[in-house]
Amino acid sequence: MPDSKSPRFIQTWLADVEAERVAARNALLATPASVAPKFFYDRLGSHLFEAITELPEYYPTRTEATIFASHGTDMAKAIGAGMALIDLGAGNCAKAARLFPLLEPRRYLAVDISVEFLREALRELQRDHPHVHIAGLGQDFSTKLDIAADLLGDDRPVFFYPGSSIGNFTPDEALGFLRRVRERASGGGLLIGVDLVKPRAVLEAAYDDALGVTAAFNRNALLNLNRLIGSDFVPSQWRHVAFFDAAKSRIEMHLEASEALAVAWPGGDRRFAAGERIHTENSCKYAASDFADLLVRAGFDAPTRWTDPAGWFAVFWAPAR
Ligand code: AVI
């Protein structure tokens, strides 16, 4: 039995801070300028995201939870027993922990770029589930997925990627990511949550809430960037913009200069005209059948899907023989 006090923890990813600085400066100097969405998630940003998931307008987290609550037993039947559950972007591990009684994993591997959050969550989980082999892996899994075989033992690899985080990739990037998961999922599969296309007003309210929490989350990326590259962004000078681009089937988030502005950092600067935007995030919304096709193109077997009564969100089980 694993030692209940110390889940195994491995960090294979260490930020190359200088490379991140160069990439961030180049993105600011490009036309249009952009800030990578990973800059949302410093400590404050992670808390702001948790607050977003509680907002009345932000339906994805709540809707996905109702799908797991209504169909969890069927999911467990479809997935089968004896698995190593691999949680991609595990965060506080709460979503996976709620599935433990249904899926009864023999092993649980939590993967996240944010290692501090993970360590604490895993210690608690191990305390509550002393019979499960629990391990943490600090890794930026968006570009490569590097899982040592001994972390999974002989158990079937079942990947878990909830919350429609797949929507933050473009469809081409999503296909590449799903292919990398498929290569490692033989004998198991992928359980994934995906946000679906719905009326524009519902989508746009979810990304531009009345309390301004999403606006704060968006602007916080500028504070994070100030710390990383020494820039002098003043968040209050930037307007939060979120809209649904129907042709690209995605929400886009931007920050818009409220007046002509200059932003400087050691060794560089950039002027922004009034109304000029910095692109900060895409959140793609799928038709359920299109996402099922994407899974098959990535090499999975025909998926099973469960949705809420309104058809706003879907959870797919994509087996990998
Ligand atoms: C993490 N990701 C799935 C969220 C989304 O809905 O695309 C991030 C987010 N951005 C604004 N609100 C929430």
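The structure displayed is predicted, hence computed values, not measured ones. Reckoned from all heavy atoms, side chains included, excluding hydrogens, waters and symmetry mates.
- Panel note: side chain R250, backbone N282; no donor-acceptor pair is recorded below 3.5 Å.
- Side-chain contact between F40 and S46: absent, with no pair of heavy atoms (C-beta onward) separated by less than 4.5 Å.
- Legend: side-chain hydrogen bond (donor to acceptor under 3.5 Å, both in side chains) pairs involving residues 311-321, not counting sequence neighbours, sorted by first then second residue: D301-R321.
- Two different hydrophobic clusters hold L48 and F39 under the rule that ILVMFWY side chains link at heavy-atom gaps under 4.5 Å.
- A heavy-atom distance below 4.5 Å is not found between the side chains of V213 and F217.
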> What do the steps show when you test R270 against L28 for side chain to side chain contact (heavy atoms under 4.5 Å, CB included), and what is the final call?
Replying inline: CA-CA 8 Å; R270 169 150 190 184; L28 276 183; 5.5 Å; no

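- Between the side chain of R8 and the main chain of A135, no donor-acceptor pair closer than 3.5 Å is present.
- Judged by distance alone, the side chain of R156 and the main-chain N or O of I79 form a donor-acceptor pair under 3.5 Å.
- In R200, the CZ atom is crowded: over 12 heavy atoms of neighbouring residues, nucleotides or ligands sit closer than 6.0 Å.
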> Are T280 and S34 close enough, and set up right, to give a side chain to side chain contact (heavy atoms under 4.5 Å, CB included), and what steps lead you there?
Replying inline: CA-CA 6 Å; T280 52; S34 63; over 6 Å; no

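- Under the 4.5 Å side-chain heavy-atom criterion for ILVMFWY residues, no single connected hydrophobic cluster contains both L44 and I229.
- Ring planes of Y58 and Y207: perpendicular class, angle over 60° (limits at 30 and 60°).
- Not a single donor-acceptor pair under 3.5 Å links the side chain of E259 to the backbone N or O of Q237.
- Atom CZ of residue F244 and atom CD of residue E204 lie 8.5 Å apart, to the nearest 0.5 angstrom.
- Using a 4.5 Å heavy-atom cutoff, the side chains of I67 and M75 are in contact.
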>> Let's go through F169 and S142 carefully: what are the C-alpha distance in whole Å and the side-chain angles of both, what is the deciding distance for side chain to side chain contact (heavy atoms under 4.5 Å, CB included) to 0.1 Å, and is it a yes or a no?
In response: CA-CA 9 Å; F169 293 117; S142 63; 4.0 Å; yes

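- Under the side chain to side chain contact (heavy atoms under 4.5 Å, CB included) rule, L88 has a single partner from I192, I166, L145, which is L145.
- One hydrophobic cluster, built from ILVMFWY side chains closer than 4.5 Å, holds both M83 and V132.
- Interatomic distance, CG of D42 versus NE2 of H47, reported as 9.5 Å (0.5 Å rounding).
- A pairwise comparison of heavy atoms in G91 and L118 identifies O-CD1, 3.7 Å as the closest pair.
- Ring orientation note: the planes of Y108 and F100 are nearly perpendicular, at an angle over 60° on the 30°/60° scale.
- Between T214 and D208, the closest side-chain pair of non-hydrogen atoms is not below 4.5 Å.
- Inter-residue side-chain proximity for R98 and F68 is flagged as unmet; no heavy-atom pair is nearer than 4.5 Å.
- Note on L190: it clusters hydrophobically with L175, by side-chain heavy-atom contacts below 4.5 Å among ILVMFWY residues.
- Residue D146 holds its CG atom at 12.0 Å from CG of D140, rounded to the nearest 0.5 Å.
- Separating the CD atom in E120 from the SG atom in C93 is a distance of 10.5 Å, to the nearest 0.5 Å.
- N224 and Y41 share no donor-acceptor pair across their side chains, judged by distance under 3.5 Å alone.
- Across every non-hydrogen atom of A264 and D232, the tightest pair is N-OD1, 2.8 Å.
- At most 12 non-hydrogen atoms from other residues, nucleotides or ligands lie less than 6.0 angstrom from CG of D154.
- Look at R127 and E124 and you find no salt bridge, because none of the NZ, NE, NH1 or NH2 atoms lies under 4.0 Å from a carboxylate O.
- Think of F243 as one node in a network of Ile, Leu, Val, Met, Phe, Trp and Tyr side chains linked at under 4.5 Å; its network also takes in V241.
- Annotation: the span from D290 atom CG to R297 atom CZ amounts to 10.0 Å, rounded to 0.5 Å.
- Both V202 and I251 are part of a single hydrophobic cluster, where members link through side-chain heavy atoms under 4.5 Å apart.
- Annotation: the span from E256 atom CD to I278 atom CD1 amounts to 11.0 Å, rounded to 0.5 Å.
- Between F177 and Y161, the angle of the ring planes lies from 30° to 60°, which puts this pair in the tilted group.
- Residues D195 and P60 have side chains in contact (heavy-atom distance under 4.5 Å, counting atoms from C-beta outward).
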>> Let's go through V17 and L228 carefully: what are the C-alpha distance in whole Å and the side-chain angles of both, what is the deciding distance for side chain to side chain contact (heavy atoms under 4.5 Å, CB included) to 0.1 Å, and is it a yes or a no?
In response: CA-CA 8 Å; V17 176; L228 181 74; 4.0 Å; yes

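- The two residues F313 and G163 make their nearest non-hydrogen contact at CZ-C, 4.2 Å.
- Under the 4.5 Å side-chain criterion, counting only non-hydrogen atoms from C-beta, L99 is in contact with L191.
- Closest non-hydrogen pair, G136 versus L122, comes out as CA-CD1, 3.4 Å.
- The shortest side-chain heavy-atom distance between R184 and F159 falls under the 4.5 Å cut-off.
- Here the closest heavy-atom approach between residue L255 and residue R219 is recorded as CD2-CG, 3.8 Å.
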> Passes salt bridge (Lys or Arg N to Asp or Glu O under 4.0 Å), E252 versus K285? Steps please.
Replying inline: CA-CA 11 Å; E252 289 192 10; K285 309 301 169 187; over 6 Å; no

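- For R21 and E18, the salt-bridge test passes: some basic side-chain N is under 4.0 Å from an acidic carboxylate O.
- The aromatic rings of F272 and W238 lie perpendicular to each other, with more than 60° between the two planes, well past the 30° mark.
- With sequence neighbours left out, A288 forms a side chain to side chain contact (heavy atoms under 4.5 Å, CB included) with L196, R305, F316.
- The list of side-chain hydrogen bond (donor to acceptor under 3.5 Å, both in side chains) pairs with a residue in residues 61-86, not counting sequence neighbours, reads E64-K95.
- Residues forming a salt bridge (charged side-chain N to carboxylate O under 4.0 Å, His left out) with D209 (at least two apart in sequence, or on another chain): none.
- Nearest heavy atom pair, residue L223 against residue P235, reads CD2-CG, 3.6 Å.
- With T307 contributing its side chain and A314 its backbone, the two residues share no donor-acceptor pair below 3.5 Å.
- Residues passing the salt bridge (charged side-chain N to carboxylate O under 4.0 Å, His left out) test with E281, sequence neighbours excluded: none.
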